[in-house]
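Throughout, a chain's letter reflects where its sequence line sits, starting with A, and its residues are numbered from 1.
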2 protein chains.
Amino acid sequence: MDKKPTVYDVAREAGVSIATVSRSLRTPNAVRATTRQAIRTAIDRLGYVPSGSAQSLAARRTNSIALFLPTIDELDSLSDFELATVDEANMVIDRPTHHVVARYDSLYFDTVLRGCELEAWRQGLSLVVSLGMGHSDADISHVVNDVSGKVDGIIVLARSIPDHMLEALHRRRPLVMIASSPTAHEGEFDLVRVSNRKGMSAWWDISSTRTTLPESLHDRPGRLPRQRQTLRGFCEALTLRGLNPAAAPIYRGQFSQRTAFDITSTLVEQDQLPEALICANDQMALGALTALRRAGIAVPDRVIVTGFDGITETDTSNPRLTTVKQPMLELGRAAVATLVKRVDTPDAPAMSTELPVTVLLRESSEGVLPDA
Amino acid sequence: MDKKPTVYDVAREAGVSIATVSRSLRTPNAVRATTRQAIRTAIDRLGYVPSGSAQSLAARRTNSIALFLPTIDELDSLSDFELATVDEANMVIDRPTHHVVARYDSLYFDTVLRGCELEAWRQGLSLVVSLGMGHSDADISHVVNDVSGKVDGIIVLARSIPDHMLEALHRRRPLVMIASSPTAHEGEFDLVRVSNRKGMSAWWDISSTRTTLPESLHDRPGRLPRQRQTLRGFCEALTLRGLNPAAAPIYRGQFSQRTAFDITSTLVEQDQLPEALICANDQMALGALTALRRAGIAVPDRVIVTGFDGITETDTSNPRLTTVKQPMLELGRAAVATLVKRVDTPDAPAMSTELPVTVLLRESSEGVLPDA
DNA sequence: TTGTACGCGTTATCAC
DNA sequence: GTGATAACGCGTACAA
């Protein structure tokens with residue numbers, strides 16, 4: 001493993017010119033079979049790998065795109081990592097701490113990433129991923145600048161990098177933003193997103209014939225946009241059906257399974273249980289389900305329960321939970337597809353793609369399931 | 001947004017030479033403050049971004065590393081992605097299907113990725129991520145080859161790339177492998193991993209004074225290594241304490257919450273409940289917990305329950321679940337740290353780092369908690 | 001402190 | 001078919 005071999009080395013080894021080597025890699029048909037074979041041999045005798053940098057430089061495109069994801073957690077441990085084999089296991093007495101679990105968000109980003117990768121792969125693109133922003137602006141713009149130079153275009157998730165940097169970034173590189181709700185950047189650059197309002201509307205059909213209780217949405221910093229959207233969609237649906245949104249009781253479950261459990265239990269005790277529990281996320285719905293099961297209340301016969309998000313646990317709960325699945329994978333794919341288009345036609349007007357949610361009808365709302 | 005501006009454009013705009021522009025970016029102190037300022041102005045008037053390709057080419061290093069992750073799911077939807085705004089929500093009647101949920105694995109990879117990113121960020125490296133392998137060998141080697149050319153080194157998770165490609169890859173680029181169990185590649189190249197046996201041993205201490213029932217490990221294709229390790233560690237721990245592994249009943253919970261629920265319920269009905277349920281993953285432990293709660297059996301007073309993996313749900317279950325957390329984030333960080341070392345000193349002997357698991361003692365095994 | 005000129009490894013356009 | 005050779009955009013001795 002001396003110096004990295006180059007085309008010159010391969011050319012010499014195979015007794016041809018560098019032009020032929022290059023050709024045999026890019027347009028194999030334009031090269032005689034025997035020479036091609038000689039070159040192949042030389043290549044893997046030497047362990048030659050074409051320099052991506054040189055290729056990109058010559059071709060004026062990197063065939064790479066960048067993806068910026070927000071990160072909420074794990075950002076403090078900035079000490080040097082000590083490389084050492086430790087012979088024992090750590091043992092920690094882990095007392096309850098009522099922290100908000102950021103894992104909740106990660107589930108999304110993870111899936112978006114998969115979507116991006118899937119589509120990038122299909123398009124023959126490499127994906128440069130950056131998360132762990134949330135540092136100083138200076139650091140961020142340094143990283144963003146660095147990465148920008150290595151790619152043909154950029155995908156940003158909402159809130160992954162500060163808004164005030166977006167415009168400047170957009171002026172330097174093709175940019176696509178993935179947002180879960182309307183943003184201030186409407187029409188400014190390409191947008192891919194999902195309408196939570198439509199999701200709520202559709203999902204509402206599940207229990208439209210019943211009195212409802214939306215279990216909803218504690219104001220958590222940084223998550224307001226989605227919450228508002230969801231809530232508004234819910235109210236809209238109510239109104240459309242001639243119900244007064246203000247009349248539907250709304251409880252704030254803080255997105256927490258435990259809190260939802262407590263609220264539901266209390267409702268049961270006070271005999272105030274409505275005919276449907278419409279929960280703003282799956283965790284709360286699962287909590288409600290548990291409370292109802294413990295109280296011996298039949299779901300969906302006595303109460304319908306629905307969640308929101310489509311986390312995997314909803315498929316194994318008892319009963320399985322009707323929920324609304326966000327098209328996270330599709331968001332990723334759409335973003336890449338959009339970016340590719342944008343790179344090809346830089347001057348086209350900004351596109352905006354809106355993806356539908358999927359309502360998964362399951363046993364927790366069986367009462368309104370069509371007889372399939 | 002005409003043609004991308006280059007150093008030459010900036011130099012002309014600022015009335016200096018390209019060398020000065022370059023310097024003002026890399027060694028600002030070597031440039032007079034006023035010229036530096038002029039250059040800054042020119043740079044953002046033009047929206048100049050240094051070409052990563054050219055930089056890498058000139059510097060002979062890319063400051064990028066690649067990460068290969070395995071993917072188990074989502075690999076079939078290879079149709080073109082249709083960019084269109086759909087105005088309705090999908091509605092799906094989702095009947096139960098007893099598929100194995102690959103999400104289980106994803107949780108790991110996601111965290112490893114975060115670890116890599118975290119450390120890469122600190123080291124000023126870009127991270128090129130590839131998953132979605134599981135295609136034809138030809139496709140894989142094409143992607144691998146392509147990516148190799150763009151990076152200084154590569155991190156592979158076990159089973160992300162076919163074993164027979166690893167050696168060749170290693171001969172071309174610095175390579176670090178993250179494995180959750182011993183592999184055939186011992187000493188061949190750099191390795192970062194976690195010992196599940198030690199994890200099991202440590203964790204065993206939790207309930208060492210009681211009769212135990214390991215709830216364990218259905219043979220699922222592709223996951224055998226970890227399972228065997230875990231099981232062996234468990235048996236070792238038993239033996240160390242003078243117990244006969246063969247005498248400890250082992251039930252196969254298929255890694256499924258539901259199955260574990262059923263098994264536990266059955267044990268209760270048949271009055272065969274042991275004093276501890278040692279589950280091979282958290283999902284099963286949660287299932288057991290639910291069954292016990294429903295049966296009105298006190299945890300941990302009557303039975304101790306422990307899980308394995310440290311998924312977030314274990315922190316919100318009732319009671320919270322004692323479990324063994326795999327150091328996934330640290331694996332990622334260690335891998336990057338190792339790779340950086342390797343790139344700096346290509347000829348050093350292969351290193352092997354083994355990371356400790358963390359046993360999280362919580363209420364589901366409160367009986368044996370030290371009085372903290 | 002600043003400018004000149006060459007090299008980095010490929011691709012692509014010519015001739016041959 | 002194959003071989004010279006000029007870009008590609010930047011870093012960096014070496015000069016000035």
Query raised in the report: Only one of I178(B), I155(B), L157(B) forms a side-chain contact (heavy atoms from CB on, under 4.5 Å) with L69(B), so which one is it?
Result: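 Testing each of I178(B), I155(B), L157(B) against L69(B), the sole residue satisfying side-chain contact (heavy atoms from CB on, under 4.5 Å) is L157(B).
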Query raised in the report: Does any pair with a residue in residues 8-22 of chain B pass salt bridge (Lys or Arg N to Asp or Glu O under 4.0 Å), and if so which ones, sequence neighbours excluded?
Result: D9(B)-R12(B), E13(B)-R45(B)
For residues [X] and [Y], determine if any side-chain heavy atom of one lies less than 4.5 Å from a side-chain heavy atom of the other.
X	Y	value
V343(B)	R61(B)	yes
I161(A)	S141(A)	no
S148(B)	I154(B)	yes
S24(B)	R40(B)	no

Tell me the interatomic distance from [X], atom [atom1], to [N], atom [atom2], rounded to whole angstroms.
X	N	atom1	atom2	value
R12(B)	dG9(D)	CZ	C1'	14 Å
K150(A)	dC10(D)	NZ	P	15 Å
D9(B)	dG9(D)	CG	C1'	10 Å

Heteroatom pairs (N/O) under 3.5 angstrom, protein to nucleotides 8-11 of chain C:
{"unit_1": "dT10(C)", "atom_1": "OP1", "unit_2": "Y48(A)", "atom_2": "OH", "d": "2.8"}
{"unit_1": "dT10(C)", "atom_1": "OP1", "unit_2": "S51(A)", "atom_2": "N", "d": "3.1"}
{"unit_1": "dT10(C)", "atom_1": "OP2", "unit_2": "V7(A)", "atom_2": "N", "d": "2.6"}
{"unit_1": "dT10(C)", "atom_1": "O5'", "unit_2": "Y48(A)", "atom_2": "OH", "d": "3.3"}
{"unit_1": "dT11(C)", "atom_1": "OP1", "unit_2": "R26(A)", "atom_2": "NH1", "d": "2.8"}
{"unit_1": "dT11(C)", "atom_1": "OP1", "unit_2": "Q55(A)", "atom_2": "NE2", "d": "3.2"}
{"unit_1": "dT11(C)", "atom_1": "OP2", "unit_2": "S22(A)", "atom_2": "OG", "d": "2.5"}

Requested in this report: Could you tell me whether E330(A) and R333(A) have a side-chain N and a carboxylate O separated by less than 4.0 Å?
Outcome: no
**Report entry** SB check E117(B) R114(B) (cutoff 4.0 Å)
**Finding:** no
Query raised in the report: To 10°, what angle do the rotation axes through the five end pairs on each side of the helix from dT1(C)-dA16(D) to dC16(C)-dG1(D) form?
Result: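 Here the local axes at opposite ends form an angle of 30°.
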Query raised in the report: Under 4.0 Å between a side-chain N or O of T35(A) and OP1 or OP2 of dT2(D)?
Result: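 Affirmative; the distance criterion is met.
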Query - Below 4.0 Å: OP1/OP2 of dG3(D) and any side-chain N or O of S17(A) - result: yes
